[in-house]
Participant: 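Quick one: structure below, then a few questions.
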There are 2 protein chains.
Amino acid sequence: MSKETIQSLIDRYIDVSFSVTKKEESLMTEQLGSEITQDQHYILRYIYRVGSCTSTKLAEEFEVKKSAITAIINRLWEKGFIKRTRDEMDRRVVYLTLTEQGEIFYQKIEEKINCFVELFMSKFEQSEMEQFIDTYEKLNQVLIEIKDKQ
Amino acid sequence: MSKETIQSLIDRYIDVSFSVTKKEESLMTEQLGSEITQDQHYILRYIYRVGSCTSTKLAEEFEVKKSAITAIINRLWEKGFIKRTRDEMDRRVVYLTLTEQGEIFYQKIEEKINCFVELFMSKFEQSEMEQFIDTYEKLNQVLIEIKDKQ
DNA sequence: AGAGATAGTTAAACTGTTTAACAATTAATG
DNA sequence: CATTAATTGTTAAACAGTTTAACTATCTCT
């Protein structure tokens, strides 16, 4: 592969990944409305899917410090979406779950997000989108390997 | 396309785009060092490429309000990377350019970022990466159309 | 029993963001 | 020409998310 080709691919990748991330964020923020932010949505999504988890787990999963999680959970808790339950066996641990209100709210926004993602996916042939996501997932694996090597 | 297939693609897309964005951000932040943030890097990159531009232009390009640009530019200015020049014809306008120090600094980090992107790209066949970026750019266009329709 | 590890919180500081108000300047209109 | 509009950029206040460092409470391990 020539040096120019590589450089061109690198530049295209940096440009397009930045642009798409930016636009998706702004369009998804519209779907979410003013009640909740992007980051809060991802936290809600995670807890909804696993049912219950701890701050430590969230911090690992989202690759941020625990105090960052505390801040987000506090905001979700103030909105009435999150329940905190102390583990009676190990009283240091706090389990985080969605309240009923939190579940209902999440399901509502999940549907909106799904519609939005489906909308832009429908502009592609299924095979092209499958190939795209396959490579995207492979890229994710590559990045995990790079991180591990450090 | 069956409903399950679509839903599976949607879920995979949301998961992988979130994960990759997160990992790239954290790995790129490492390359950038403590001197500069991700957003500051993208602003620097933009000005480096166009040579000179205004706050209004940056605000449009990055899809944020002008006051957000002022904040970032102030930080880059404090570091000595940015020069502000008033237009003598239209004295409302301020042209932003890189100082010599800013150019040298940008070139240094650009090389690091290039190495990093090249590193993970080298794990793919060229044809696969080209196909991936093609679809990625198509996705960018689709998102632009969706935004315009609103 | 005491030392060290772990889970979570709090407080301070910083970056990036929006909204709203503002100053300076230019453009448009009667 | 004078006044009103619009535009450019800044400032200030408020908020979300982040890190670092200190702290409390609890558990683990000799």
Side-chain angles (χ1 to χ4, degrees), chain A residues 18 21-23 25-30 32-44 46-47 52-79 81-97, chain B residues 18 21-23 25-26 28-30 32-47 52-79 81-97:
Chain A
F18 176 76
T21 303
K22 202 89 189 171
K23 289 192 188 68
E25 232 170 67
S26 115
L27 286 161
M28 277 178 76
T29 298
E30 274 178 40
L32 295 178
S34 57
E35 191 125 25
I36 211 181
T37 67
Q38 196 83 220
D39 295 282
Q40 288 168 16
H41 163 243
Y42 277 113
I43 295 284
L44 231 44
Y46 185 87
I47 301 177
S52 166
C53 70
T54 65
S55 283
T56 301
K57 179 68 181 159
L58 284 172
E60 283 167 10
E61 208 66 36
F62 286 79
E63 298 173 57
V64 295
K65 295 284 178 283
K66 284 189 289 184
S67 52
I69 299 294
T70 301
I72 294 185
I73 293 295
N74 278 340
R75 290 181 195 113
L76 289 170
W77 180 83
E78 282 162 19
K79 295 183 216 288
F81 294 157
I82 292 276
K83 193 166 55 185
R84 283 173 156 117
T85 317
R86 274 229 122 77
D87 184 338
E88 288 305 323
M89 294 297 105
D90 183 345
R91 293 192 52 75
R92 292 170 302 181
V93 177
V94 176
Y95 294 116
L96 305 168
T97 50
Chain B
F18 177 76
T21 303
K22 201 89 188 172
K23 289 192 187 69
E25 232 169 66
S26 115
M28 277 177 75
T29 298
E30 275 178 39
L32 295 178
S34 57
E35 191 126 26
I36 210 181
T37 67
Q38 196 82 221
D39 294 281
Q40 288 167 17
H41 163 244
Y42 277 113
I43 295 284
L44 230 44
R45 180 174 196 262
Y46 185 86
I47 301 177
S52 165
C53 71
T54 65
S55 283
T56 301
K57 179 66 181 162
L58 284 172
E60 284 167 9
E61 209 67 34
F62 287 78
E63 298 173 56
V64 296
K65 295 285 178 284
K66 283 188 290 184
S67 52
I69 299 294
T70 301
I72 294 185
I73 293 295
N74 278 340
R75 289 180 195 117
L76 289 170
W77 180 83
E78 281 161 19
K79 295 183 214 290
F81 295 157
I82 292 276
K83 191 166 56 184
R84 284 173 156 119
T85 317
R86 275 229 122 78
D87 184 339
E88 288 305 322
M89 293 297 106
D90 183 345
R91 295 191 50 75
R92 291 169 303 183
V93 176
V94 176
Y95 294 116
L96 305 168
T97 50

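In what follows, every chain begins at residue 1, and chains take the letters A, B, ... in the order their sequences are listed.
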Participant: For A:K83, does the NZ atom have more than 12 heavy-atom neighbours from other residues, nucleotides or ligands under 6.0 Å away?
Facilitator: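 No, because the 6.0 Å sphere around NZ of A:K83 holds 12 heavy atoms or fewer from other groups.
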Participant: In Å and rounded to the nearest 0.5 Å, what is the CD to NZ distance from A:Q40 to A:K79?
Facilitator: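 One finds 4.5 Å between CD of A:Q40 and NZ of A:K79.
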Participant: Using whole Å, report how far CG of A:L44 lies from P of D:dA16.
Facilitator: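 Distance check: A:L44 CG to D:dA16 P gives 15 Å.
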Participant: What nitrogen or oxygen pairs link the protein and nucleotides 21-23 of chain C at under 3.5 Å?
Facilitator:
none

Participant: Rounded to the nearest 0.5 Å, what separation is found between the CD1 atom of A:I36 and the OG1 atom of A:T29?
Facilitator: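 Here the rounded value is 11.0 Å.
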Participant: Taking for each residue the nucleotide of DNA chain D bearing the nearest heavy atom, is the 5' side occupied by B:V93 or by A:A71?
Facilitator: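 Per heavy-atom nearest nucleotide, the more 5' residue is B:V93.
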Participant: Do any side-chain atoms of residues 87-95 of chain A form donor-acceptor pairs under 3.5 angstrom with protein atoms, and if so which ones, sequence neighbours left out?
Facilitator:
| from | atom 1 | to | atom 2 | distance (Å) |
| --- | --- | --- | --- | --- |
| A:D87 | OD1 | A:M89 | N | 2.7 |
| A:D87 | OD1 | A:D90 | N | 3.4 |
| A:D87 | OD2 | A:Y95 | OH | 2.8 |
| A:E88 | OE1 | A:R91 | NH1 | 3.1 |
| A:E88 | OE2 | A:R91 | NH1 | 3.3 |
| A:D90 | OD1 | A:R92 | N | 3.2 |
| A:D90 | OD1 | A:R92 | NE | 3.1 |
| A:D90 | OD2 | A:R92 | NH2 | 2.8 |

Participant: Could you state the CG-P distance from A:N74 to D:dC15, rounded to the nearest angstrom?
Facilitator: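 That distance rounds to 15 Å.
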Participant: Quick one: A:I43 CD1 to D:dA16 P, roughly how many Å, whole number?
Facilitator: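 Interatomic distance, CD1 of A:I43 to P of D:dA16: 15 Å.
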Participant: Of the nucleotides C:dT9, C:dG16, D:dG17, which one has an atom closest to the side chain of A:T37?
Facilitator: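 From the listed options, D:dG17 comes nearest.
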Participant: How many whole angstroms separate atom CG of B:D39 from atom P of D:dT18?
Facilitator: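 Interatomic distance, CG of B:D39 to P of D:dT18: 13 Å.
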Participant: Who are the side chain to side chain contact (heavy atoms under 4.5 Å, CB included) partners of A:T21, not counting sequence neighbours?
Facilitator: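 Once residues adjacent in sequence are excluded, the partners of A:T21 under the side chain to side chain contact (heavy atoms under 4.5 Å, CB included) criterion are A:E25, B:T21.
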Participant: Would you give a per-nucleotide map of nucleotides 23-30 of chain D, 5' to 3', where B means the base has a protein non-hydrogen atom under 4.0 Å away, S means only the sugar-phosphate does, and - means neither?
Facilitator: --BBS---
Participant: So, is A:T70 close to the C:dT9 phosphate, meaning a side-chain N or O under 4.0 Å from OP1 or OP2?
Facilitator: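 Yes, A:T70 has a side-chain N/O under 4.0 Å of OP1/OP2 on C:dT9.
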Participant: Could you state the CD-P distance from A:E30 to C:dT18, rounded to the nearest angstrom?
Facilitator: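 A:E30 atom CD is separated from C:dT18 atom P by 13 Å.
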Participant: Output the rounded distance in Å from CD1 (B:I69) to P (C:dT19).
Facilitator: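 It is 15 Å, rounded to the nearest whole Å.
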Participant: What I'd like to find out is whether the side chain of A:I73 reaches to under 4.5 Å of the side chain of A:L58, using heavy atoms alone.
Facilitator: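 A:I73 vs A:L58: side chains touch.
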Participant: I want to verify a distance call: between D:dT18, C:dT18, C:dG8, whose nearest atom is closest to the B:A68 side chain?
Facilitator: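 Between D:dT18, C:dT18, C:dG8, the one nearest the side chain of B:A68 would be C:dT18.
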Participant: Give, for atom CZ of B:F18 and atom NE2 of A:H41, the distance between the pair rounded to the nearest 0.5 Å.
Facilitator: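 Answer rounded to 0.5 Å: 10.0 Å.
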Participant: Output the rounded distance in Å from CD1 (A:I36) to C1' (D:dG17).
Facilitator: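 Answer to the nearest Å: 14 Å.
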Participant: Rounded to the nearest angstrom, tell me the gap between atom NZ in B:K57 and atom C1' in D:dT7.
Facilitator: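 Checked: the NZ to C1' distance equals 16 Å.
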Participant: Do A:I47 and A:L76 have side chains that approach each other closer than 4.5 Å (heavy atoms only, starting at C-beta)?
Facilitator: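 Answer no - side chains too far apart.
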Participant: Should B:T56 be listed as having a side-chain N or O under 4.0 Å from OP1 or OP2 of D:dT7?
Facilitator: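 For D:dT7, neither OP1 nor OP2 has a side-chain N or O of B:T56 closer than 4.0 Å.
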Participant: Looking across every strand, which nucleic acid part, if any, lies under 4.0 Å from A:S55 by heavy atom: base, sugar-phosphate, or nothing?
Facilitator: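 Touches sugar-phosphate only.
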Participant: Using Watson-Crick or G-U wobble geometry with both distances under 3.5 Å, which nucleotide pairs with D:dT8?
Facilitator: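 Its partner is C:dA23.
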Participant: Hey, does the side chain of B:Q38 come within less than 4.0 Å of C:dG16's phosphate (OP1/OP2), counting only N and O?
Facilitator: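 Answer no for this pair, as no side-chain N or O of B:Q38 is under 4.0 Å from OP1 or OP2.
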Participant: Is there a side-chain contact between B:F81 and B:E35 (heavy atoms, below 4.5 Å)?
Facilitator: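 In short, these two side chains touch, coming nearer than 4.5 Å.
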Participant: Can you identify which nucleotide, out of C:dG16, D:dA16, C:dT9, has its nearest atom closest to the A:R75 side chain?
Facilitator: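 Closest nucleotide to the A:R75 side chain: D:dA16.
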Participant: Which atom pairs, donor and acceptor, lie under 3.5 Å between side-chain atoms of residues 62-69 of chain B and protein residues at least two apart or in another chain?
Facilitator:
| from | atom 1 | to | atom 2 | distance (Å) |
| --- | --- | --- | --- | --- |
| B:E63 | OE1 | B:K147 | NZ | 2.4 |

Participant: Among residues 59-67 of chain A, which contact DNA chain D at a heavy-atom distance under 4.0 Å?
Facilitator: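 By residue number: A:V64, A:K65, A:S67.
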Participant: Checking understanding here: a glycosidic angle within 90° of 0 is syn, the rest anti, so what is C:dA24?
Facilitator: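 Base orientation: anti.
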Participant: Rounded to the nearest 0.5 Å, what separates atom CZ in A:R84 from atom OG1 in A:T97?
Facilitator: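 Those atoms lie 11.0 Å apart.
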Participant: If you measure from CD1 on B:I43 to SG on B:C53, what distance do you get to the nearest 0.5 Å?
Facilitator: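 Going from the CD1 atom of B:I43 to the SG atom of B:C53 covers 8.0 Å.
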Participant: Does any non-hydrogen side-chain atom of A:T37 lie less than 4.5 Å from one of A:R75?
Facilitator: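 No. Closest side-chain heavy atoms not under 4.5 Å.
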Participant: Applying a 3.5 Å limit to both distances, which nucleotide forms a Watson-Crick or G-U wobble pair with C:dA1?
Facilitator: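 Partner of C:dA1: D:dT30.
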Participant: Give A:K79 one of three labels, base, sugar-phosphate or nothing, depending on what nucleic acid heavy atoms sit under 4.0 Å from its own.
Facilitator: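 The residue A:K79 makes no contact with any strand.
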